[in-house]
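Report on one structure; see the data block that follows.
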Amino acid sequence: MAGTFQSIRGIHDGLPAEVARWRHIEQIARTTFARYAVHEVRLPVLEPTELFVRSIGAATDIVSKEMYAFVDQGNDHICLRPEGTAGAVRAYLQAGLTRAGMQRWYYCGPMFRRERPQKGRLRQFQQIGVEWFAAPGPVSDVEILAMAHAFLQALELSDLRLELNSLGCTRCRPAYRAQLVEFLRQRAEALCRTCHERTEKNPMRVLDCKEPGCQQQLQDAPEIIDHLCSDCATHFQQVRTGLDALDIAYHLNPRIVRGLDYYNRTAFEFVTDRLGAQGTVLAGGRYDGLVRELGGPDTPAIGFAAGLERLAMLVRESSLPTPDVAVVALGQETLAWSMRQAEYLRGQGLAVVHCGGGGAKRQFKIADREGARYALIIGADEMRQQLVTLRDMRSGEQRAMRIEELPASLTT
RNA sequence: GUGGAUGUAGCUCAAUGGUAGAGCCCCGGUUUGUGGUACCGGUGGUUGUGGGUUCGAGUCCCAUCAUCCACCCCA
């Protein structure tokens, strides 16, 4: 269509068929999360830019080149949120909830990252996110994983696998990191160009490089799992024991690296092979240091985010609800009365469309296309007798009745 | 940000450099009170956009925009 407006690149419309799928997923999230006593929050889409610089990390791709950040008319530096966790922590602190005990939150809403679009990657996308604050022990890790698992199960998503890792903490990670960098530098010759950059910027990323040549070099690379401090090792072991107790299968993947700086200890991803290169459908982990980093007290926390559009690509076709009744008004003089009957039925809780009057054939075609279960035929004859004719659009059976009888006669 | 593929009717797609077509959808008719089948007819296009080459461009060239796929990154 030349000359018409187009949505911004990578920002798509949610049309009815797609939204039906989203609603289905959201509804399952709500019912699943409710069983874990998790409560919904609705947080701003606009946040101070600095919030993400401080939380996600200035060096990350998200902050350094993907944020929709701008200066507004009042000279404030604000941005469209690229993810949900930082805003949730900000709200948690702003509301003074640090002494209110464990907070279990979920949210659903749009996030924004200015990336190159591709399958499963949009510039505006929706996340269903969960954040638990003041959630210290491995029990929280296990339970939030169990909840994510239950959510995906309820969606009847098959061939998803859970990959699990521990990223260590500020005590054990630096030493490991130094050891890894040392290892990588020794092999720098054999590594690809991007891995050279990663060695300096984010060495753990080198581990999941897709170059076969790099992977070959990395076979005996040191893995964080083997270098956890005793607290982290114990924590991780307890998480694994808990998952086993709940019969939740997982693969240890020592090479999972969470992209955002604030993660520590437990990191996890639910992954599918059905989505091409963007196979992570739900991912998260522990971020014990973030609340403090943003000015609050030491507060252990854990969370995850699921990509709504990615989930929607995996969920089987969901159909739009169709009307119960389509009103066919025959003859100009019946129009007003027919609209009153339609309103009456809507008042009785039925979904009703009016076919707009005019030719009978045209209106029945509309009733058919709308997928209405019944047609309600109102002609001059019916109106004179204060009756309506109900036609079953599948069987073709018709029956005249008073409008008040109609709702009860549909119950089958 | 890098690379590759693709843009023709609402949709899916045709058209050796020589008058832009089909199927589906839509609208109408055969049936002025009966849909989903059938038959008949009809609407609908600056060929994504802007340049260039040519007597002539949907077709060749350049640029640009968008979509898709991959890298990168991530949900």
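Just so we're on the same page: letters track the sequence lines, and every chain starts at 1.
In this structure, A/G10 reaches the sugar-phosphate backbone alone: every heavy-atom distance under 4.0 Å involves primed, P, OP1 or OP2 atoms, never a base. Within the nucleic acid shown, A/A367 has no heavy atom closer than 4.0 Å to any nucleic acid atom. A/I377 comes within contact range of at least one nucleobase, with a heavy-atom separation under 4.0 Å. Within the nucleic acid shown, A/V281 comes within 4.0 Å of sugar-phosphate atoms alone, with no base atom in reach, counting heavy atoms only. Looking at heavy-atom distances under 4.0 Å, A/G359 makes no contact with the nucleic acid at all. Within the 4.0 angstrom heavy-atom criterion, base atoms lie near A/A380. Using a 4.0 Å heavy-atom criterion, one finds that A/L122 contacts the bases of the nucleic acid, with or without backbone contacts as well. Within 4.0 Å (heavy atoms only), A/K361 reaches at least one base atom of the nucleic acid. Counting non-hydrogen atoms under 4.0 angstrom, A/Q398 reaches a base of the nucleic acid. Within the nucleic acid shown, A/E115 comes within 4.0 Å of at least one base atom, counting heavy atoms only.
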*Can A/R292 and A/D298 be said to form a salt bridge (charged side-chain N to carboxylate O under 4.0 Å, His left out), step by step?*
CA-CA 5 Å; A/R292 186 195 182 97; A/D298 255 328; 2.9 Å; yes
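In this structure, A/I62 atom CD1 and B/C73 atom P are separated by 12 Å, rounded to whole Å. Between A/L152 atom CG and B/A75 atom P there is a gap of 15 Å when expressed in whole angstrom units. Look at CG on A/L157: it is 14 Å from C1' on B/A75, rounded to the nearest Å. The distance between atom CG of A/L330 and atom C1' of B/U34, rounded to the nearest whole Å, is 8 Å. Across the protein-nucleic acid pair, A/M67 atom CE and B/C73 atom C1' stand 15 Å apart, rounded to whole Å. In this entry the distance linking CZ of A/F52 with P of B/A75 reads 13 Å, nearest Å. One can place CD of A/E269 at 13 Å from P of B/C73, the figure rounded to the nearest angstrom. Distance A/M393 CE to B/U34 P: 13 Å, rounded to the nearest Å.
The same atom, P, is picked in B/A66 and in B/C60; the two are 23 Å apart, to the nearest Å. For the P atoms, the distance from B/G18 to B/A5 is 24 Å, rounded to whole Å. A gap of 30 Å separates the C1' atoms of B/G4 and B/U46, to the nearest Å. Look at the C1' atom in both B/A75 and B/U6: the space between them is 27 Å, to the nearest Å. For the P atom pair drawn from B/U37 and B/C24, the interatomic distance equals 11 Å after rounding to whole Å. B/A9 and B/C25: their C1' atoms are spaced 11 Å apart (whole Å). Nucleotides B/A57 and B/U19 place their P atoms 12 Å apart, quoted to the nearest Å. Taking the C1' atom of each, B/U8 and B/C69 are spaced 23 Å apart, rounded to whole Å.
Of the inter-residue distances, the one linking A/T299 atom OG1 with A/Q103 atom CD reads 11.0 Å to the nearest 0.5 angstrom. With rounding to the nearest 0.5 Å, the separation of CZ in A/F268 from CG in A/N253 is 14.0 Å.
With a cut-off of 3.5 Å on both Watson-Crick or G-U wobble distances, the partner of B/U34 is given as none. Pairing for B/A63 is with B/U49, a Watson-Crick or G-U wobble pair whose two hydrogen-bonding atom distances lie under 3.5 Å. Of all nucleotides present, only B/G23 satisfies the Watson-Crick or G-U wobble test against B/C11, with each distance under 3.5 Å. When both distances must be under 3.5 Å, the Watson-Crick or G-U wobble mate of B/C73 does not exist.
For A/A305, the listed nucleotide lying nearest its side chain is B/A75; candidates were B/A75, B/G33, B/C72. Closest to the side chain of A/F125, out of B/U31, B/G33, B/A75, is B/A75. Here the side chain of A/R121 is nearest to one of B/A66, B/G3, B/C72, namely B/C72. The listed nucleotides are B/G35, B/G1, B/C68; the one nearest the side chain of A/F364 is B/G35. Here the nucleotide nearest the side chain of A/R310, chosen from B/G35, B/A75, B/C73, is B/A75.
Ring geometry for A/F133 against A/W105 counts as perpendicular: the plane angle is over 60°, on a 0 to 90° scale with 30° as the lower cut. Classified by interplanar angle (parallel below 30°, tilted 30° to 60°, perpendicular above 60°), the ring pair A/H227/A/Y176 is tilted.
With a 6.0 Å radius and a threshold of 12 heavy atoms from other residues, nucleotides or ligands, A/Q332 has its CD atom at or below the threshold.
For the OP1/OP2 pair of B/A70 and a distance below 4.0 Å, the side-chain nitrogens and oxygens of A/Q118 include at least one atom meeting the criterion.
At a cut-off of 3.5 angstrom, the base of B/G36 holds no donor-acceptor pair with the side chain of A/D368. The base of B/G3 sits within donor-acceptor range of the side chain of A/R116, with an N or O pair under 3.5 Å.
Comparing A/K65 and A/S395 by the nucleotide of RNA chain B whose heavy atom lies nearest to each, the residue mapping closer to the 5' end is A/S395. Heavy-atom nearest nucleotides on RNA chain B were determined for A/S7 and for A/E382, and the one closer to the 5' end corresponds to A/E382.
For A/P222 against A/Q179, the heavy-atom pair with the smallest separation is CB-NE2, 4.1 Å. For the residue pair A/Y374 and A/D392, the shortest heavy atom distance occurs at CD2-CA, 3.7 Å.
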Just the table, please: protein N/O against nucleotides 26-28 of chain B N/O, every pair under 3.5 Å.
residue: B/C26; atom: OP1; partner: A/R369; partner atom: NH1; Å: 3.1

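Across A/I128, A/L155, A/V315, a single residue satisfies side chain to side chain contact (heavy atoms under 4.5 Å, CB included) together with A/I28, and that is A/L155.
Comment: A/E382 does not engage A/R384 in a salt bridge, judged by the lack of any side-chain N to carboxylate O separation of less than 4.0 angstrom.
Using a 4.5 Å cut-off on side-chain heavy atoms (C-beta onward), A/Q118 and A/Q278 make contact.
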